[in-house]
Amino acid sequence: MRIYNTKTRSKEEFVPLEAGHAKIYVCGPTVYNYFHLGNARPFITYDTLRRYLEYTGMTVTYVQNFTDIDDKMINKANDEGITIRELADRYIEAYFHDADRLNIRRATIHPRATESMDTIIWLVKTLEEKGYAYETGGGVYFDVAKMDDYGKLSRRNLEELAFGASDRVDSNEEKKNSFDFALWKKKKPGEPSWPSPWGEGRPGWHIECSAMIKQHLGDTIDIHGGGQDLVFPHHENEIAQSECANAKPFVRYWMHNGFINIDQEKMSKSTGNFFLVRDLAQNYDYMVLRFFMLSGHYRMPINFSAELLSAAENGWERIQTCLDNLEFIAQAAPAKPDGEEALAAAQQLGKAMAQFKQAFIDAMDDDLNTADALAAIFELVRASNSAAAVAGLDRETILAARKLLIELLDVLGLYQEKSDEIPEDVMKLVNDRTAAKKARDFERADNLRDQITDKGYAVVDTPQGPKVSKA
RNA sequence: GGCACCAUAGCCAAGAGGUAAGGCAGAGGUCUGCAAAACCUUUAUCUCCAGUUCGAUUCUGGAUGGUGCCUCCA
């Protein structure tokens, strides 16, 4: 597949370092709160990437961290009077609660920053020994001037940075250069700390990712993903730390997703214009949220509004209805196509399946074009619905179409097995209604349908008989 | 001020140098006791101006508008 590499600003054929095995790292959440829809975007995007790579036959080692130590963590824990560990545990559990329902598969490893302290210290020490870092009264800083190609990912150089941001960056007396960043922060009263060669303290933010990558994936990885806002300085600094310490190329393909916007503005915790996934889930199925997210290309911004979510909900239901209908009509379908029309329909659907499966793959191959991939799925839905309307279509063809739909949906993480048995009392009402209809007692039939609706089920009439489903 | 990105129908959203996928909403129709679903039909010269080209919405330059990053941030 081709991947847009932020490093080269172009799409490149993805070839993992080790044939057939991709090593991926994604910046995970700082666990001091529930995550909002904007936070969910990278989780869903790179989960979909992983699913697709696996679909193409690759093995994927997928690491997504939890940042469980930083200023926000400390402040929140202090506010609530609990330990940072307790805070982290609570929101990690909350992360999995929402992520599981969004069908985000668990990473191969979900490391916590605080569990990589040895590697963090090793990295800082190595950087110091190699002359890339210096110690001050407050901590240890990375000396950006010592690195020749600092800024290569975001395409900035120090002169530009210094000129442009001179009035925005608070000058820290201790730092040689205002863009030097903390590798290690010495302990302040009331803060948690770990022992180190520089005394008690805690790691800077950027070094955590460098350490977890080194520890779990090695010095060079294939893909590093994250939000566009992390390009500078976070990922730039990761490169600086890792390449200077390890003396090896760090990341081969950098991927960055766009934002979720509200009224053309980035959804963001600090500005307060955000929607927590768990709150949205009160009104929308988690799968609708995922569908909504995948309906645009991952690098483009997505505007958020209730209207757009409703539109997504309707589109999503179209796919679900198709799946339901196929399953239903398969029950009574003949083993072989019955009649010429059915035979033609079966052949046509077979052709469509091959065509749209290829279209799906082509779309995903092209830098994870999920919008186009969904278009292929919708084409397949229409072809299936059309064929299904032909009486006498054989069970094998129907089930093959359904299976393919599920296969493709599953690559996007948009398929969840559901098992809803229809309770006996509902079935009895359905049967009574069928009898009433047969007797042309429509008033009674409608009354029975209302009763079924009241029980939370829906019944619709089809040429194959009544179809019941959970409403 | 610096560095990027974006601009396609009522809304959302793909897209290739040769006259525009798909979804939602709308309109008409078929089917149906009704309803729902489904199916069929229908709705765009792609922000503007130059340039390259036989031909650009797709490439180049410029303009305008919008967003992001440069400070925690997905």
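Just so it is clear, the values below take in all heavy atoms, side chains as well, and ignore hydrogens, waters and symmetry mates. Below, chain A is the first sequence line, B the second, and so on; all start at residue 1.
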(message) Rounding to an integer number of angstrom, what distance separates B:rA27 and B:rC3 when you compare their C1' atoms?
(response) 48 Å
(message) Just N and O in the side chain of A:N385: are any of them under 4.0 Å from OP1 or OP2 of B:rA38?
(response) no
(message) Distance check needed: B:rA38 C1' versus A:L326 CG, whole Å only.
(response) 11 Å
(request) Check the surroundings of atom CG in A:D263: do more than 12 heavy atoms from other residues, nucleotides or ligands lie under 6.0 Å from it? (result) no
(request) Would you mind pulling out the nucleotide paired to B:rG1, Watson-Crick or G-U wobble, both distances under 3.5 Å? (result) B:rC70
(request) Measure the distance between the ring centre of A:F442 and the centre of the six-membered base ring of B:rG33, then answer whether it is under 5.5 Å with planes under 30°. (result) yes
(message) Give me the distance, rounded to whole Å, that separates B:rA16 from B:rU58 when you measure between the C1' atoms they each carry.
(response) 7 Å
(request) Describe the nucleic acid contact of A:A311 in one word from base, sugar-phosphate, nothing, applying a heavy-atom distance below 4.0 Å. (result) sugar-phosphate
(request) Determine: side-chain N/O of A:R318 to OP1/OP2 of B:rG23, distance under 4.0 Å, yes or no. (result) yes
(message) Please tell me if A:N314 has a side-chain N or O lying less than 4.0 Å from either OP1 or OP2 of B:rA25.
(response) yes
(message) Any salt bridge linking A:R101 with A:D98? Criterion: basic side-chain nitrogen under 4.0 Å from a carboxylate oxygen.
(response) no
(request) Please determine if A:K403 and A:E407 form a salt bridge, counting it only when a charged side-chain N lies under 4.0 Å from a carboxylate O. (result) no
(message) When you measure from the side-chain N and O atoms of A:R155 to the phosphate of B:rG2, is any distance below 4.0 Å, counting only OP1 and OP2?
(response) no
(message) Pick the closest RNA chain B nucleotide for A:D229 and for A:E265 by heavy atoms, then say which residue is nearer the 5' end.
(response) A:E265
(message) For A:H97 and A:Y286, take the angle between the two ring planes, folded into 0 to 90°, and tell me which bin it lands in: parallel under 30, tilted 30 to 60, perpendicular over 60.
(response) perpendicular
(message) Output the rounded distance in Å from CZ (A:F360) to C1' (B:rG22).
(response) 14 Å
(request) Could you state the atom-to-atom distance from NZ of A:K266 to C1' of B:rA74 in whole Å? (result) 7 Å
(message) Between the base of B:rG68 and the side chain of A:N261, is there a donor and acceptor pair under 3.5 angstrom?
(response) no
(request) Would you kindly give the CG-to-C1' distance between A:D446 and B:rA36, to the nearest whole Å? (result) 12 Å
(request) In whole angstrom, give me the gap between the P atoms of B:rA56 and B:rA4. (result) 29 Å
(message) Please report the distance, rounded to the nearest Å, between CZ in A:R9 and P in B:rC3.
(response) 12 Å
(request) Please say which of A:W254, A:Y62, A:Y253 ends up in a ring pair (Phe, Tyr, Trp, His ring centres under 6.0 Å) with A:H224. (result) A:W254
(request) Could you check which of B:rA14, B:rA35, B:rA74 has an atom nearest any side-chain atom of A:R449? (result) B:rA35
(request) Searching all strands shown, indicate the nucleotide that pairs with B:rG51 (Watson-Crick or G-U wobble; both distances under 3.5 Å). (result) B:rC59
(message) Measuring to OP1 and OP2 of B:rG22, would you say a side-chain N or O of A:R382 lies under 4.0 angstrom away?
(response) yes
(request) Any strand is fair game: report the nucleotide pairing with B:rC24 by Watson-Crick or G-U wobble, both distances under 3.5 Å, or none. (result) B:rG10
(request) Quick one: label A:I377 by what it contacts on the DNA or RNA (base, sugar-phosphate, nothing), any heavy atom closer than 4.0 Å. (result) nothing
(message) Please report the distance, rounded to the nearest Å, between CG in A:N257 and P in B:rA4.
(response) 20 Å
(request) Could you let me know what B:rG33 is paired to, Watson-Crick or G-U wobble, both distances under 3.5 Å, or none if it's on its own? (result) none
(message) Between B:rC39 and B:rG22, how far apart are the two P atoms, rounded to whole Å?
(response) 13 Å
(request) Go through the side-chain N and O atoms of A:Y298 and A:D367 and say whether any donor and acceptor fall under 3.5 Å apart. (result) yes
(request) Name the nucleic acid region contacted by A:M300, choosing base, sugar-phosphate or nothing; use a 4.0 angstrom heavy-atom cut-off, strictly under. (result) sugar-phosphate
(message) Can a side-chain donor-acceptor contact be found between A:E236 and A:S154 if the only test is distance below 3.5 angstrom?
(response) yes
(request) Assign A:R433 to base, sugar-phosphate, or nothing according to its heavy-atom contacts below 4.0 angstrom with the strands shown. (result) base
(message) Whether the side chain of A:R299 and the base of B:rC5 hold a donor-acceptor pair under 3.5 Å is what I'd like checked.
(response) no
(message) For a quick check, tell me whether the side chain of A:D461 and the base of B:rC34 share a donor-acceptor pair closer than 3.5 Å.
(response) yes
(request) With P as the reference atom in both, quote the distance from B:rU60 to B:rC6 in angstrom, rounded to an integer. (result) 11 Å
(message) Please report the distance separating the P of B:rU42 from the corresponding atom of B:rA21, rounded so that it comes out in whole Å.
(response) 12 Å
(request) Write down the distance between CD (A:Q228) and P (B:rC5), rounded to a whole number of angstrom. (result) 10 Å
(request) Determine, for A:R202 against A:D71, whether the closest basic-nitrogen to carboxylate-oxygen distance falls under 4.0 angstrom. (result) yes
(request) Take atom CG of A:L308 and atom P of B:rG22, then tell me their distance rounded to the nearest Å. (result) 20 Å
(message) Please compare A:N303 and A:D263 by the position of their nearest nucleotide in RNA chain B and report the one closer to 5'.
(response) A:N303
(request) Respond yes when some side-chain nitrogen or oxygen of A:K438 is under 4.0 Å from OP1 or OP2 of B:rG33, and no when none is. (result) no
(message) Please report the interatomic distance OG1(A:T45) to CZ(A:R299), rounded to the nearest 0.5 Å.
(response) 11.5 Å
(message) If I pick the C1' atom on B:rG17 and the same atom on B:rG55, what distance separates them, to the nearest angstrom?
(response) 8 Å
(message) Looking only at the side chain of A:N325 (C-beta and beyond, no hydrogens), which of the listed nucleotides B:rA37, B:rA14, B:rG68 gets closest?
(response) B:rA37
(message) Closest approach to the side chain of A:L230, judged atom by atom: which nucleotide of B:rA74, B:rC11, B:rG22 is it?
(response) B:rA74
(message) Can you check the distance between B:rA7 and B:rA13, where both ends of the measurement are the P atom (answer in whole Å)?
(response) 10 Å
(request) Output the single nucleotide from B:rG68, B:rG33, B:rC72 whose closest atom is nearest the side chain of A:S270. (result) B:rC72
(message) Looking only at the side chain of A:A375 (C-beta and beyond, no hydrogens), which of the listed nucleotides B:rG22, B:rC3, B:rA74 gets closest?
(response) B:rG22
